[in-house]
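For reference, the structure is listed below as structure tokens.
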Amino acid sequence: MNTKATNTEQITRLRPECITCTCEKYLVKYPADAPEEDKIAYMQRVLSLMAQAPKSDAIPVIVRDIDRVRMEMFGEADDYGEIKRHFNEVMLQKEEDFRRQIAEAEDPLKMALQLSMTGNYIDFGAMKHVDEEALGELLGRAGEQKVDEATYDRLRQDLEQAEKLVFFTDNCGEVLLDKLLLQEIGRQYPHISIAAVVRGKEALNDATREDALQVGLDQAAYVADNGNDVAGTWLPELSDEAASLMEEADVMIAKGQANFETLRHCGKNIYYLFLCKCHIFSDMFQTEPFSGMLVHERDARNC
């Protein structure tokens, strides 16, 4: 299968609710002191991007293009560097507690999965505000996150038989929990070669190679980047190395809503792992906000 061609199929990824949400966030995202004519020109270009986007485009791709317009017109874009380093450090300080939580669990792999899933809360793209106290409370109750048993059993069976696993990361901070999950997979399935794919360039507060090294992800997996600045894994722009890793993988795990949006319908053996952080996802899966999800690509096609 040609990985880079897969995402060009005419699949409807755009949703009316996502278009509305993106417009609300970005139509007025310009400097307050910008001249009126520049504000109008910016808003027109944003609306044009939305109007001309093919239905097969995922919202993270359009957001990336809007950010490029902002940079071109105003010379500024959101800088999450300090935020990313902060949340990586916050999670690093709790690493030993997380390790004990996993080691003492009746099912350590499921506990590692639940922690990684819950850490997906650290998302400045989907969330207006990431509250550290709320994050701590969610992580404290991570073991209560429901995991679909049939999907979990299938994942275990795939891991038992797999030779190569590729893990697509999502945000800063939670990448520390991804490391612990991958280390637990490596402990239980030592025959598996594990690779982790991060963003190739800055995209919101998504994890890049710098974040991966800060939290020691390279201790759990071979780290590659996807070669682009889309918040997700956009196959038409995937780096050759990431595309090769994906082609050779027996099983993949993709973290976060953006990876779900960009990879869904690709037909690969992918398990999506994320927290429902907006009503669109909660409605899609008929669950409460901030519920964790483990969904296989086969089942995701109908969402």
Side-chain angles (χ1 to χ4, degrees), residues 18 21-22 24-26 29 58-68 70-71 76-95 98 115-136 138-139 167-181 196-218 223-234 237 242 253-263 272-278 280-281 289-290 292:
C18 294
C21 179
T22 302
E24 288 176 351
K25 285 182 179 179
Y26 285 91
K29 209 164 189 180
I59 282 293
V61 180
I62 300 171
V63 168
R64 185 275 307 273
D65 293 342
I66 292 173
D67 278 337
R68 288 180 175 177
R70 290 173 61 211
M71 179 60 72
E76 67 173 36
D78 298 322
D79 182 0
Y80 289 96
E82 185 176 341
I83 288 172
K84 291 167 69 179
R85 288 187 290 273
H86 170 74
F87 275 97
N88 289 338
E89 186 58 35
V90 165
M91 300 302 279
L92 277 166
Q93 291 176 5
K94 300 177 181 179
E95 180 173 358
F98 295 138
L115 281 168
S116 177
M117 172 193 292
T118 305
N120 190 230
Y121 173 84
I122 309 172
D123 186 343
F124 283 83
M127 305 276 291
K128 291 183 178 179
H129 174 66
V130 176
D131 185 275
E132 289 187 41
E133 185 176 343
L135 171 64
L138 284 169
L139 288 169
F167 188 99
F168 296 96
T169 65
D170 194 19
N171 300 309
C172 66
E174 69 174 292
V175 71
L176 179 280
L177 297 168
D178 299 338
K179 177 184 79 170
L180 301 184
L181 171 58
V197 178
V198 298
R199 306 293 184 264
K201 301 175 184 177
E202 294 297 328
L204 299 174
N205 69 302
D206 293 13
T208 60
R209 190 179 295 274
E210 182 180 354
D211 300 292
L213 295 178
Q214 184 180 351
V215 303
L217 183 62
D218 55 322
V223 177
D225 70 64
N226 67 8
N228 63 73
D229 55 354
V230 174
T233 303
W234 189 233
E237 298 181 21
I253 300 174
K255 278 293 296 293
Q257 293 181 168
N259 271 324
F260 179 85
E261 291 179 89
T262 51
L263 284 169
Y272 300 102
L273 183 66
F274 56 87
L275 208 63
C276 291
K277 299 181 291 289
C278 71
I280 297 169
F281 273 76
F290 302 114

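Here the structure is a predicted model, which means the values were calculated and not measured.
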_Quick one: does any side-chain atom of Asn259 pair with a main-chain N or O of Thr233 as donor and acceptor, under 3.5 Å?_
yes
*Which pair of non-hydrogen atoms, one from Leu92 and one from Gln214, has the smallest distance, and what is that distance?*
CD1-O, 3.4 Å
*Hey, what do you get for CD1 (Ile66) to CZ (Arg68), rounding to the nearest 0.5 Å?*
12.5 Å
_Quick one: does any side-chain atom of Tyr121 pair with a main-chain N or O of Leu139 as donor and acceptor, under 3.5 Å?_
no
*Determine yes or no for a side-chain-to-main-chain donor-acceptor pair under 3.5 angstrom, with Asp218 supplying the side chain and Val223 the backbone.*
no
_Minimum-distance pair of heavy atoms, taken over all atoms of Gly125 and Leu204_ = CA-CD1, 3.9 Å
*If a pair satisfies salt bridge (Lys or Arg N to Asp or Glu O under 4.0 Å) and one of its residues is in residues 253-263, list it, with sequence neighbours excluded.*
Glu174-Lys255, Asp178-Lys255
*Would you check, one step at a time, whether the test side chain to side chain contact (heavy atoms under 4.5 Å, CB included) holds for Asp229 with Asp67?*
CA-CA 10 Å; Asp229 55 354; Asp67 278 337; over 6 Å; no
*Glu95 bridged to Lys179 by N-O distance under 4.0 Å*: yes
*For Asp211 and Arg199, run salt bridge (Lys or Arg N to Asp or Glu O under 4.0 Å): C-alpha distance rounded to whole Å, both residues' side-chain angles, the deciding distance at 0.1 Å, then the answer.*
CA-CA 10 Å; Asp211 300 292; Arg199 306 293 184 264; over 6 Å; no
*Side-chain donor-acceptor pair under 3.5 Å between Asp170 and Asn120, yes or no?*
yes
*Taking every non-hydrogen atom, the tightest pair across Ala196 and Leu217*: CB-CD2, 3.8 Å
*Should the heavy atoms of other residues, nucleotides or ligands under 6.0 Å from CD of Glu210 be counted, would the total exceed 12?*
no
_Could you work out, with side chain to side chain contact (heavy atoms under 4.5 Å, CB included) as the rule, every residue matching Cys21, not counting sequence neighbours?_
Lys25
*Identify the heavy atoms of Ser116 and Leu177 that sit nearest to each other, and give their distance.*
CA-CB, 3.9 Å
*Could I get the full list of side chain to side chain contact (heavy atoms under 4.5 Å, CB included) partners for Lys29, not counting sequence neighbours?*
Tyr26, Tyr42, Arg70, Asp78
_To the nearest 0.5 Å, what is the distance between CZ on Phe168 and OH on Tyr272?_
9.0 Å
_Please give me the minimum heavy-atom distance between Asn88 and Gly173, naming the atom from each residue._
OD1-N, 2.7 Å
*Please test Asn205 against Asp123 for side chain to side chain contact (heavy atoms under 4.5 Å, CB included), starting from the C-alpha separation and ending with a verdict.*
CA-CA 7 Å; Asn205 69 302; Asp123 186 343; 4.3 Å; yes
_side chain to side chain contact (heavy atoms under 4.5 Å, CB included) for Lys84 and Glu202? Distances and angles first, verdict last._
CA-CA 11 Å; Lys84 291 167 69 179; Glu202 294 297 328; 2.8 Å; yes
*asked:* Could you work out, with ring-ring contact (aromatic ring centres under 6.0 Å, His included) as the rule, every residue matching Phe167, not counting sequence neighbours?
replied: none
*asked:* Could you report the tightest heavy-atom contact between Ala203 and Ala231, atom names first, then the distance?
replied: CB-N, 4.0 Å
_Sidechain-backbone polar pair: Gln257 side chain, Lys277 backbone, donor-acceptor under 3.5 Å_ = yes
*Among all residues two or more places apart in sequence or in another chain, which pass the ring-ring contact (aromatic ring centres under 6.0 Å, His included) test with Phe124?*
Tyr80, Phe87
*Backbone N or O of Ile122 within a donor-acceptor pair of the Asn171 side chain at under 3.5 Å?*
yes
_Taking the side chain as everything from C-beta on, heavy atoms only, tell me whether Val90 gets closer than 4.5 Å to Glu132._
yes
*Residues in side-chain hydrogen bond (donor to acceptor under 3.5 Å, both in side chains) with Asn226, at least two apart?*
none
*asked:* Is there a side chain to side chain contact (heavy atoms under 4.5 Å, CB included) between Met117 and Leu181? Walk through the geometry before answering.
replied: CA-CA 10 Å; Met117 172 193 292; Leu181 171 58; over 6 Å; no
